[in-house]
Enquirer: 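The structure follows.
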Amino acid sequence: MSDDAYKRAYTREKMARLAAEQLLEDKSRELYLSSQQLSEAHDELKKNHAELVTQQSALVKNEKLASIGLLSAGVAHEINNPLAFVNSNLEMLNDYWQAMFSLYSAVEQLLKSTDLSNDKKSALKKLIDEEDLEYISSDFKNLFNDTQDGLIRVTNIVQNLQHFSRIHDEDWDNVDINASLESTLKIINHQIKNSLCEIKLNLTCKELVWCNLGELNQVFLNLLQNAIHAMEETETKTLTISTEESANNILIRISDTGYGIKKDNYQKIFDPFFTTKTVGQGTGLGLYISYKIVKDHNGDIDIKSKEGKGSQFTITLPLKKADETL
Amino acid sequence: MKGVVFNILEEMVETNYGMEVWNDILDEAEQNEGIFIAGQSYADETLFRFVEIICKKLELPSATVVQAFGEFMFEGLVNRHKVLMENMTDLDGFLKSIDSIIHVEVGKLYVDPNLPTIECFDHESGKMTMRYRSPRKLCPLAEGLVRGAAVHFGKEINLEHKTCMHKGSDYCDFEIEYL
């Protein structure tokens, strides 16, 4: 074969190689772009997945709260009926006892007089001793008062539990939240005085807020009482309350310098019957109800807390009615 | 160094001096196979060895050879990557888009292409400084490529190599004046 034939064949091969390389490059570019799209799609999926997980946990939490709320409201309703007649019967029993007590007092007077023969006196005295009526008459008052206190507590719990299904539209109005906070502070004035807390107010929000004042006062009361309680044993006792406007919302902050919330309890503090107070001190319903009320106002409660340093509750509420913002 | 650079060097030698000379260079560099695949990476030293042999054969300093190769390489790269040049209409725009467009596109084709970084600064006088940074310090090649680009866009230029990595600087500055 001549050199020329080789050269032609070589040139052909070279052209073929360049074409093959071009093809490879085109494919590489396509591959790169596909991989880029895939990676973007993957990132998007990851983001969506993270959002779903957050939404799911919020849903589960809401569902849990809703079902516990429903159950509690049902139980509360069932307890309410017997509670009503127990309360009324107790009042009646007290009246009956007063009548019996008058009789007993009269008998005691009789025993001291000379109107009765000694035989009859000893028979009566024996009966009084046998039935321990002297002790009963002195102990009754204590027993009755404790029972009544207990019933008041049960009644309060039941009323709180029944709270959920009741937010009446007619109770809603445009309200000055600052005034509401100040009036709530007045209600717990004696607690504040006893606790030796320093109060700092920074109420700058000038807008009225569309809300159910009675409900919100309960939220403020719960949070303020919790804050005071948290500072019982701390050296610094500063309760800071502030309001400010932020993007069509009001932010209400209640901060204390108390013992803070343990990280483990963050998730639980809004659960019903969760309390860190000693038995008999708290029902564990305060924050649960507060959460429910704020949610019913299309708002949110956020907590920041550092153990040993204090906690801050931030309530975010829309300034306007939901349909007015549209 | 990517195989495509070796391919274009081979083309240049074959075009100017014939196939035999390229074969001789391969022999002398002890490259028995002499196969270079465009997308594959090869040792920089192999290219430097080729340049050394060519310099010896032509009795020219390496900077001159490398610069001439840069000029030739520009057209070789354009022929192979026509897509990249589709929207390039003038020399100044092209030089300023090397880092932001050309190198990005090259990154799509080759894994770990070890590209230099290029920055451009305009002067009030109308001149432009192109700053080149690369651990390979192949500034003569970069200069050749700029000259090749000027030929491609039909633009006459004055190019001054003001600052050089081979003289202790961290970068090379080419001052370009458009005539």
Enquirer: Look at atom CG of B:Asn87 and say whether more than 12 heavy atoms of other residues, nucleotides or ligands are closer to it than 6.0 Å.
Expert: no
Enquirer: Heavy atoms only, distances under 4.5 angstrom: which of A:Gln36, A:Glu21, A:Glu25, A:Gln22 has the most pairs with chain B? Name it, please.
Expert: A:Glu25
Enquirer: Counting heavy atoms not belonging to B:Asp170, are there more than 12 under 6.0 Å from its CG?
Expert: no
Enquirer: Within the supplied structure, the quantity of interest is the number of heavy atoms (other residues, nucleotides, ligands) at a distance under 6.0 Å from B:Arg136 CZ; does it exceed 12?
Expert: yes
Enquirer: Is B:Glu11 close to chain A through its backbone or its side chain, or both, or neither, when contacts mean heavy atoms under 4.5 Å?
Expert: both
Enquirer: Surrounding CD of B:Glu30 (heavy atoms of other residues, nucleotides or ligands, distance under 6.0 Å), is the total greater than 12?
Expert: no
Enquirer: Considering only heavy atoms, which portion of B:Val83 lies under 4.5 Å from any heavy atom of chain A: side chain, backbone, both, or neither?
Expert: side chain
Enquirer: For residues B:Glu10 and A:Tyr10, report the shortest heavy-atom separation together with the two atoms involved.
Expert: OE2-OH, 3.4 Å
Enquirer: Tell me, for A:Leu33 versus chain B, whether the close heavy atoms (under 4.5 Å) come from the side chain, the backbone, both or neither.
Expert: side chain
Enquirer: Please report the shortest heavy-atom distance between B:Phe36 and A:Arg17, naming the atom on each side.
Expert: O-NH1, 3.9 Å
Enquirer: Among A:Lys7, A:Lys27, A:Lys14, single out the residue with the greatest number of heavy-atom pairs under 4.5 Å to chain B.
Expert: A:Lys14
